[in-house]
Amino acid sequence: LQECFNTICATANMLVDECAVSISASPKEEKKMTQGLLDLLLHVLTAPQSAVTYLRTVGGALHTLNKLGVDNFLEAGGTNIQHWLRIILTLMNSISLSVRSMAVDFMVSLLGAAFNVKGNIDEIGIMMATVLPEVIAREIALYSVSGLIMSIDDVETAVWPLRRALADIEESNPLDDDRIDPFLSPLLSTLCRACQAIIDGVLIEIRLTGDECNIVGIKVQLEDRESYIFDADEESLYEAASFFVPESAPLQKLRWLFTLARLHEAKGQWVEAGEALILCARTSSDAMPHLKSVWRPSRFVLWYDSRRSLWLSTVGKDMGRPDRGHEQVMQFADVFLEPPSLVESVLTKSPGSRLSQPTVQGMCTILKHASKQAVLDYTKEFGMEDLASTRLESVLQELLLVTNTQNAKSFGSGRNISLAVRKRAVDELASLRRASAVLNGELSKLAEYAMADSDPSSTRNKSPKSDFLRRQYYVRVILTGKKPQRFLESTAIPTFSEWNNPCICRVPRGVVESVVASGARDPKRIEDRICKEYGGALRNSLLTDPDEHISLMFRTGAQVEDTADGLDMSTTFLDVSMVHMDLKMATSGGKSDNVSASRQSRHFFYRKFGSTVSEPAPPKELAAGKIRPELLPESAATLTELTVAHPFPCALSRQRTLLTSEILAENPNEMQQMKGG
């Protein structure tokens with residue numbers, strides 16, 4: 001049988017060589033031949049084959065691409081291009097190095113040729129990133145029915161070859177590969193990073209199922225949450241969502257934003273969960289005018305229909321478990337193509353393998369659900385009503401703009417429209433106005449919460465702890481010294497913390513409540529305890545790593561230095577210290593009045609080691625750069641400013657520092673003037 005397939009591939013190559021030139025004069029016949037060849041090769045690649053057959057078949061497809069051109073390849077492939085991407089991604093996860101290398105070679109050729117002709121790889125990128133979760137889930141399910149999945153570590157191992165293959169594509173260099181245009185390199189990097197983030201996202205979704213984590217009949221053992229504390233889970237989900245745009249792929253973007261919100265809720269980060277849900281609502285609103293042009297994936301019939309793919313009945317047969325066969329594998333994989341909870345509320349029903357287009361009514365349903373849940377999450381932390389109101393008002397403004405545009409488009413043109421079209425337009429406008437009413441209702445709730453908080457007799461204001469709970473707390477986390485194994489470069493889930501680079505983290509409410517409940521009342525003491533409480537989880541994660549024993553020094557407080565110079569470099573240093581949005585708080589030891597809990601900023605300040613508030617500050621010439629900072633006495637009023645990419649609070653609870661600078665002035669008021677107030 002394998003030799004028959006090899007002969008078919010060889011015949012296909014001969015056909016291309018003999019007919020490529022002569023048939024080019026008839027585009028219609030050329031398209032028919034290309035379509036027939038691609039269908040034939042796709043059927044061969046779908047079935048389990050030997051490594052040699054895979055190499056010859058992928059080589060035949062690559063030969064067809066090079067001889068007939070990428071235009072003919074994409075046009076003839078049509079909707080089957082996404083299925084080709086499914087198969088190539090599957091081969092990129094092969095344990096055979098030769099098969100994986102050939103699949104990478106095909107992908108690089110396809111992307112390079114598409115960029116040379118179209119000037120971008122947007123269409124292929126969206127298809128690739130959309131079907132990737134299904135491919136990953138199917139690979140994991142096939143490993144499970146083969147008895148190779150017992151723990152979450154086995155799940156991560158199952159997709160390691162695909163990670164390595166994506167890294168190979170990203171490392172394609174235009175200097176030694178003429179298929180890669182210099183302007184294509186950054187696009188490849190963005191695409192591959194998004195694909196890596198999507199792999200992380202699938203693993204996160206599996207972990208979020210908790211004790212119910214079941215992969216095709218196998219209950220997977222999960223690790224403690226502390227073991228994932230350094231993983232860049234939030235960052236991966238945010239990057240996966242950012243890859244898609246509402247105008248072309250809103251459901252893909254919504255899927256990862258909802259997962260990000262679930263992750264924050266599981267970690268007790270309520271404000272961040274609310275921010276992610278507001279992004280969901282804004283995505284729904286932005287997508288409504290473009291729903292007709294949204295790209296939708298199709299299910300791969302050859303992975304579902306056992307009449308066309310006779311080998312499907314053999315899946316899991318060796319294990320002697322009829323309840324863990326092909327049907328169960330594809331049920332598991334189909335959930336990851338698009339989550340049922342998202343699909344049922346957004347889509348209309350349609351026959352066939354192609355998933356249906358989203359509707360305005362469905363997007364309004366998503367918007368209302370996201371807005372209501374966002375308000376619930378925001379109000380679980382004190383003093384966030386103003387921030388929540390600002391966010392909802394911006395969503396409401398966008399929704400009103402969509403409503404007015406839709407109304408003008410449907411009824412303002414003066415042209416005659418059919419009864420069916422008019423009825424659909426009326427239904428859509430009604431859905432938009434109902435969504436606006438829901439947003440106004442949520443804004444009214446937030447106003448009532450704000451009024452209750454401003455009332456001194458309110459039960460929320462009677463406790464002396466409430467003043468501390470209304471503040472936002474941020475800490476600066478930095479790792480220095482000896483780098484543990486988990487922080488070395490690899491294709492596994494990356495860490496959120498970059499070595500020797502400070503990271504600003506927002507302290508969740510649960511940590512603050514734990515510290516305040518201990519009886520501390522002095523602001524300075526509370527800040528020190530918050531640093532210890534927040535850093536304690538990081539310390540425990542480093543010390544309990546079963547794969548490596550490290551020597552760790554955990555330091556907290558304002559005396560923390562940026563580096564471990566002069567100390568034993570065989571030791572890992574974990575430093576956690578408090579930083580402040582408000583410049584006055586940074587200079588007054590954490591004491592300040594009327595600092596809004598919902599305040600936003602990209603800039604954070606902390607006093608450097610050795611400086612005091614009571615000592616005289618350096619002269620004005622220091623601020624102008626006339627005296628070098630290294631000549632200052634230790635008592636100088638020197639503050640360090642850290643800048644991050646997105647204003648906190650945001651959909652991320654932590655961000656790496658982009659810029660570090662020092663501020664020198666005579667007094668805090670002058671510093672405030674230097675920073676523009």
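Both backbone and side-chain heavy atoms feed into the values below; hydrogens, waters and symmetry mates do not.
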Could you give me the CA-CA distance, side-chain angles and deciding distance for Glu338 and Arg296, then say whether salt bridge (charged side-chain N to carboxylate O under 4.0 Å, His left out) is met?
CA-CA 11 Å; Glu338 278 186 354; Arg296 302 294 295 137; 2.7 Å; yes
Audit row: Arg255, Glu134, salt bridge (charged side-chain N to carboxylate O under 4.0 Å, His left out) steps and yes/no:
CA-CA 13 Å; Arg255 179 250 187 91; Glu134 180 192 23; over 6 Å; no
Residue pair His83, Ser298: steps toward the side chain to side chain contact (heavy atoms under 4.5 Å, CB included) verdict
CA-CA 8 Å; His83 305 324; Ser298 302; 4.2 Å; yes
Test log, rule side chain to side chain contact (heavy atoms under 4.5 Å, CB included), inputs Val135 and Leu85
CA-CA 10 Å; Val135 173; Leu85 293 173; over 6 Å; no
Check the pair Gln472 / Met384 against side chain to side chain contact (heavy atoms under 4.5 Å, CB included), numbers first and verdict last.
CA-CA 10 Å; Gln472 292 188 58; Met384 289 297 169; 3.7 Å; yes
Side chain to side chain contact (heavy atoms under 4.5 Å, CB included) between Asp39 and Gln35: does it pass, once the steps are laid out?
CA-CA 6 Å; Asp39 287 345; Gln35 188 172 10; 4.0 Å; yes
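With hydrogens and angles ignored, the 3.5 Å screen pairs a side-chain donor or acceptor of Asn214 with a backbone N or O of Gly217. Judged by distance alone, with hydrogens and angles left aside, the side-chain atoms of Ser236 form no donor-acceptor pair with the main-chain N or O of Asp233 at under 3.5 Å. A donor-acceptor pair is defined here as one N or O able to donate and one able to accept, closer than 3.5 Å; such a pair exists between the side chain of Ser444 and the backbone of Asn440. Checked by atom type and distance alone, the side chain of Ser248 never pairs as donor or acceptor with a backbone atom of Phe244 at under 3.5 Å. Using a distance-only test at 3.5 Å, with no hydrogens or angles considered, a donor-acceptor pair links the side chain of Lys253 to the main chain of Ala241. Without hydrogens or angle criteria, Gln655 side chain to His646 main chain gives a donor-acceptor distance under 3.5 Å. Using a distance-only test at 3.5 Å, with no hydrogens or angles considered, a donor-acceptor pair links the side chain of Arg602 to the main chain of Val644. Gln357 contributes a side-chain N or O that, together with a main-chain N or O of Leu291, makes up a donor-acceptor pair within less than 3.5 Å. Side chain of Lys31 to main chain of Ala76: no donor-acceptor pair is present (N/O by atom type, distance under 3.5 Å, no hydrogens or angles). Asn93 places a side-chain N or O within 3.5 Å of a backbone atom of Ala158 that can act as its donor or acceptor partner.
For the pair Thr46/Phe300, a side-chain contact is recorded, criterion being any heavy-atom separation below 4.5 Å from C-beta on. With contacts defined as side-chain heavy-atom distances shorter than 4.5 Å, the pair His43/Arg308 qualifies. In this structure, Val395 and Arg282 have side chains that are in contact, with non-hydrogen atoms separated by less than 4.5 Å. The shortest side-chain heavy-atom distance between Leu367 and Ser285 falls under the 4.5 Å cut-off. Side-chain contact between Tyr143 and Asp154 is absent, with no heavy atoms from C-beta onward closer than 4.5 Å. Inter-residue side-chain proximity for His369 and Phe258 is flagged as met; some heavy-atom pair is nearer than 4.5 Å. Looking only at side-chain heavy atoms (C-beta outward), Leu203 and Ile136 stay at 4.5 Å or farther from each other. A heavy-atom distance below 4.5 Å is found between the side chains of Met128 and Met107.
Residues Glu442 and Ser371 have side chains that never bring a donor and an acceptor to within less than 3.5 angstrom of each other. Checked by atom type, the side-chain pair Ser431/Gln361 shows no donor-acceptor distance below 3.5 Å. Side-chain N/O atoms of Tyr378 and Glu275 include a donor and acceptor closer than 3.5 Å. Side-chain contact check for His264 and Glu272: no donor-acceptor pair (N or O, by modelled atom type) lies under 3.5 Å.
Residues Gly112 and Leu184 come closest through the heavy atom pair CA-CD2, 3.7 Å. Shortest non-hydrogen contact noted between Ser436 and Leu400 is OG-CD2, 3.9 Å. Minimum interatomic distance between Leu91 and Ala103 (heavy atoms only, all atoms of both residues): CB-CB, 3.8 Å. Scanning both residues, Trp303 and Met330, for their nearest heavy atoms gives O-CG, 3.3 Å. Here the closest non-hydrogen pair linking Gly125 and Leu191 is CA-CD1, 3.8 Å. Heavy atoms only, all atoms of each residue included: Met288 and Cys364 are closest at CE-SG, 3.6 Å.
In this structure, CD1 in Ile169 is found 7.5 Å from CG in Leu188, a value given to the nearest 0.5 Å. Summarising the geometry, atom CG belonging to Leu89 is positioned 12.0 Å from atom CZ belonging to Arg138; distances are rounded to the nearest 0.5 Å. Put simply, CG on Leu65 and CZ on Phe73 are 5.5 Å apart, with the number rounded to the nearest 0.5 Å. Atom CD of Gln82 and atom CD1 of Ile126 lie 12.5 Å apart (nearest 0.5 Å). Rounding to the nearest 0.5 Å places OH of Tyr304 at 12.5 Å from OG of Ser309. If you take CZ on Phe183 and CZ on Phe115, they are separated by 7.5 Å, rounding to the nearest 0.5 Å.
Annotation: cation-pi geometry satisfied between Arg207 and Tyr228 (NZ/CZ under 6.0 angstrom from ring centroid, within 45° of ring axis).
Within a 6.0 Å sphere centred on NZ of Lys423, other residues, nucleotides and ligands contribute 12 heavy atoms or fewer. Within a 6.0 Å sphere centred on CD of Glu123, heavy atoms belonging to other residues, nucleotides or ligands number 12 at most.
The pair Glu239-Arg193 meets the salt-bridge criterion, since a charged nitrogen lies less than 4.0 angstrom from a carboxylate oxygen. Salt bridge status for Asp386 with Arg599: absent, with no side-chain N to carboxylate O gap under 4.0 Å. A salt bridge between Lys267 and Glu234 is present, with a side-chain N of the basic residue lying under 4.0 Å from a carboxylate O of the acidic one. Using a 4.0 Å cut-off between charged side-chain N and carboxylate O, Arg262 and Glu265 make no salt bridge. Glu156 has no carboxylate O lying under 4.0 Å from a charged side-chain N of Arg163, or vice versa, which leaves the two without a salt bridge.
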